[in-house]
Amino acid sequence: MKTSKRMSLSEAVALIPDGATVVFGGWTVTRKPMAAVYEIIRQGKKNLHLVSNPGGPENDLLIGAGCIRLCETNYIGHEVLGHPYCFRRYYEKGGLDRTGYLHDDWTVQTGALRLLAGAMGVPFMPTLSLRGTDIINPEYDLLAPHRGKDPKVPRQKVQVMNDPFWGEGEVVLVPALKPDFAIIHVQMVGEEGTVRIYGGPFLDYYAAMAARTTIVTAEYITSEDYLRSQPELNVIPKEVVDVIVEVPFGAHPTTLAGMYDTDSAFFNEYVAASKSELAFKKWLSEWVLEIPDHMCYLEKLGVRRLLSLRADPALGYNAALKRRKKEPQEKTLATG
Amino acid sequence: MVKKLSYTPREAMAVSASRLIKNGDRVIVGTGLPLVAAILAKHTHARDAILIMEAGPYDGYPLALPSCVADPRGFYRVPLICDPVQLMGQFLQKGRIDVGFLGGAQIDKYGNVNSTCIGDYRHPQVRLEGSGGASDIAALARRFYIIIAHEARRLVERVDYLTSPGWQCYRDFSSRKLVRREELGLRGGPEAVVTTMGIMKFDQDTKEMYVAEYFAHLGITPDMIKENTGFKIDVSRAVPAEPPTGEELDILRTLVDPEGIFMN
């Protein structure tokens with residue numbers, strides 16, 4: 001009766017059609033499913049629609065590689081590791097007609113509530129946030145031309161209404177997120193799909209519940225029986241996990257709690273290259289397009305480099321790691 | 001004769017910000033100087049402050065400075081790991097967060113903050129990372145503070161994009177008329193702005209920013225603040241700020257950020 005959920009990374013990513021709505025697990029530069037992201041680029045996916053969660057290198061890379069049509073998100077950046085130059089370039093040139101990229105700004109709380117609504121199967125949630133801000137300014141709704149036409153874009157961005165029950169004033173209704181795919185990288189998954197996450201679970205449970213199809217890449221595929229020995233550490237039920245793939249170092253260069261730390265040197269090179277279209281394309285060829293698969297990526301990184309990132313299990317991170325010092329504050333901020 | 005301490009404006013800013021946290025405050029912090037200030041406060045006068053990071057760590061007291069709010073360093077030995085639905089949708093929204101700290105690229109005289117873009121939203125000169133949780137924290141924390149470098153291009157008459165609501169913000173977007181945040185049902189509000197030149201506060205009646213304290217110990221004068229502010233700012237109430245102590249600087253340099261993640 002049971003069919004195996006195991007696939008290779010390329011088989012799993014091949015399930016994602018062009019134009020799909022995708023939510024990634026993790027948080028900015030932590031626990032991002034980077035191996036899957038590289039494979040999405042290698043397979044040349046087009047017109048993807050990314051939703052929610054603070055985005056990190058996965059958003060910047062996919063935008064730069066031309067895979068993305070629109071992002072509904074609250075943040076795209078590499079935190080202290082540098083600015084998201086591909087995102088900047090695509091946004092600053094502006095609009096589908098110029099670069100093919102559209103952007104919709106939200107906040108962490110409303111992104112979380114939108115995923116919660118998706119997970120609950122309700123069409124929207126109320127929030128006390130957003131009032132008074134340009135985030136709900138209709139003139140700044142870049143998706144307006146697509147609302148009511150594209151079935152994957154909510155018919156309107158928000159709806160302000162008065163609390164009909166307690167008379168406590170205005171609330172803002174935000175639409176549910178209904179992603180086609182959730183793609184999540186974790187430390188461990190059972191062979192039937194039960195997910196264990198060490199460190200922060202972030203929004204991954206809600207993403208898996210909200211999505212039609214969930215792909216989990218994991219450092220280890222282990223027995224369900226082993227995961228039952230400490231069920232309190234398991235966070236996503238097997239029934240919402242459709243595909244599992246074993247991908248060691250699958251979050252590199254981002255952090256994976258208890259396993260490996262951020263590869264700051266890798267980020268430095270990426271961020272420097274992403275500052276120009278030409279250098280970015282060269283970087284993309286070298287590290288993604290010309291690399292046949294994830295194992296070759298790990299071979300290119302090399303044993304020494306990978307081992308140097310290993311986390312101390314007592315701390316969850318690598319205390320000996322040389323972390324990058326911050327660039328001078330926002331050099332590119334224009335004087336207006 | 002006491003040896004004169006030497007320190008940078010950034011260090012003065014971190015120390016001043018840390019002093020705004022009271023012992024027992026429930027503080028939600030973002031990446032960067034807010035994190036530095038909150039951890040410094042925990043090491044000095046506010047040991048019982050509850051340090052919360054929006055990605056999940058609840059009541060953290062990290063051994064090493066987290067480089068972002070999702071860094072495993074921030075999760076070390078916390079009593080509870082939450083998720084953003086809980087922290088931002090429940091704790092923050094229900095009014096269980098006393099203090100929020102925000103950074104940003106621009107702030108205006110009413111304490112509205114922009115962390116989205118410089119220039120017109122549709123065709124900006126520079127696109128920035130975006131709100132993250134800043135807008136939610138500004139709307140829903142019981143009080144909040146802003147940390148920003150003091151430059152005329154950053155302290156502006158009106159922000160290019162209103163990401164996080166201050167004392168007066170928008171109801172009707174087409175007229176761009178400002179209304180008081182209470183009228184929109186928003187809680188709290190910005191109480192102070194810590195800059196590289198001093199501490200700014202907001203007038204009780206007009207809600208406009210004024211200079212409360214200036215870093216005289218760094219050679220800053222009220223006139224210098226006027227020159228480096230992009231709107232007319234009242235300096236009549238300005239007094240010299242209390243300089244950082246040797247102990248605060250020592251803890252900042254040796255315990256909070258010895259690697260120079262955010263302080264260099």
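Quick note on labels: first sequence line is chain A, next is B, and so on, each numbered from 1. Because the structure is a prediction, the values reported are computed rather than measured.
- When all heavy atoms of A/G316 and B/P72 are compared, the closest pair comes out as O-CB, 3.5 Å.
- The heavy-atom pair separating B/P84 from A/W27 by the smallest distance is CG-CZ3, 3.3 Å.
- Between A/D105 and B/G130, the closest heavy-atom pair is OD1-CA, 4.5 Å.
- Of all heavy-atom pairs spanning A/Y206 and B/D83, the tightest one is OH-OD2, 2.8 Å.
- Counting heavy-atom pairs closer than 4.5 Å to chain B, the top-ranked of the candidates A/P84, A/G77, A/A314, A/G169 is A/P84.
- The residue among B/G89, B/A70, B/G133, B/C82 with the most heavy atom pairs within less than 4.5 Å of chain A is B/A70.
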* Test A/H83 against B/L128 for side chain to side chain contact (heavy atoms under 4.5 Å, CB included), laying out the working first. => CA-CA 8 Å; A/H83 295 298; B/L128 306 165; 5.9 Å; no
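- Top candidate by heavy-atom pairs under 4.5 Å with chain A, chosen from B/P165, B/G132, B/G230, is B/G132.
- At least one side-chain heavy atom of A/R131 sits under 4.5 Å from a side-chain heavy atom of B/L186.
- Heavy-atom pairs under 4.5 Å with chain A were tallied for B/R122, B/Q86, B/H123, B/R77; the largest tally goes to B/R122.
- For chain A, the nearby parts of B/S67 are the backbone and the side chain; heavy atoms of each come within less than 4.5 Å.
- Counting non-hydrogen atoms of neighbouring residues, nucleotides and ligands closer than 6.0 angstrom, the CZ atom of B/R96 reaches no more than 12 such neighbours.
- Ion pair A/R323/B/E259 flagged as a salt bridge, since at least one NZ, NE, NH1 or NH2 atom sits closer than 4.0 Å to an Asp/Glu carboxylate oxygen.
- Ranking A/F202, A/Y91, A/W106, A/Y75 against chain B, the residue ahead of the rest is A/Y91, based on heavy-atom pairs under 4.5 Å.
- A/T127 and B/Q93 share a donor-acceptor pair across their side chains, judged by distance under 3.5 Å alone.
- Note on A/E170 versus B/R171: salt bridge recorded, some NZ/NE/NH1/NH2 to OD/OE distance being below 4.0 Å.
- When ring centroids are compared, A/Y140 and B/Y161 come within the 6.0 Å threshold.
- Going from atom SG of B/C68 over to atom CG of A/L81 covers 8.0 Å, rounded to the nearest 0.5 Å.
- With a 6.0 Å radius and a threshold of 12 heavy atoms from other residues, nucleotides or ligands, B/F215 has its CZ atom above the threshold.
- Distance check: B/D71 CG to A/E79 CD gives 9.5 Å after rounding to the nearest 0.5 Å.
- Within the 4.5 Å cutoff, the side chain of B/R176 has heavy atoms near those of the A/N137 side chain.
- With respect to chain A, the highest number of heavy-atom pairs below 4.5 Å among B/L178, B/L140, B/V156 belongs to B/L140.
- In this structure, A/D261 pairs ionically with B/R73, as a charged nitrogen and a carboxylate oxygen lie closer than 4.0 Å.
- Between chain B and the options A/L142, A/T255, A/L116, A/V29, the largest number of non-hydrogen pairs under 4.5 Å is found for A/L142.
- A distance of 10.0 Å separates SG of B/C117 from NE2 of A/H103, quoted to the nearest 0.5 Å.
- A donor-acceptor contact closer than 3.5 angstrom is absent between the side chains of A/N74 and B/S131.
- With hydrogens and angles ignored, the 3.5 Å screen pairs no side-chain donor or acceptor of B/R127 with any backbone N or O of A/E92.
- Across A/D134, A/V108, A/I136, the residue that shares the most heavy-atom pairs under 4.5 angstrom with chain B is A/D134.
- Rounded to the nearest 0.5 angstrom, A/T133 OG1 and B/F173 CZ are separated by 6.0 Å.
- Note that CE of B/M88 and CG of A/L203 are 10.5 Å apart. Values are rounded to the nearest 0.5 Å.
- Here the side chains of A/Q109 and B/L92 are not in contact, with every heavy-atom distance at 4.5 Å or above.
- Closest non-hydrogen pair, B/C169 versus A/G132, comes out as CB-O, 3.3 Å.
- The OG atom of A/S264 sits 8.0 Å away from atom CD1 of B/I261, with the distance rounded to the nearest 0.5 Å.
- Of the listed residues (B/A138, B/P124, B/A139), the one with the most heavy-atom contacts under 4.5 Å to chain A is B/P124.
- Here A/I135 is the residue among A/I135, A/V171, A/L130, A/T262 with the most heavy-atom pairs under 4.5 Å with chain B.
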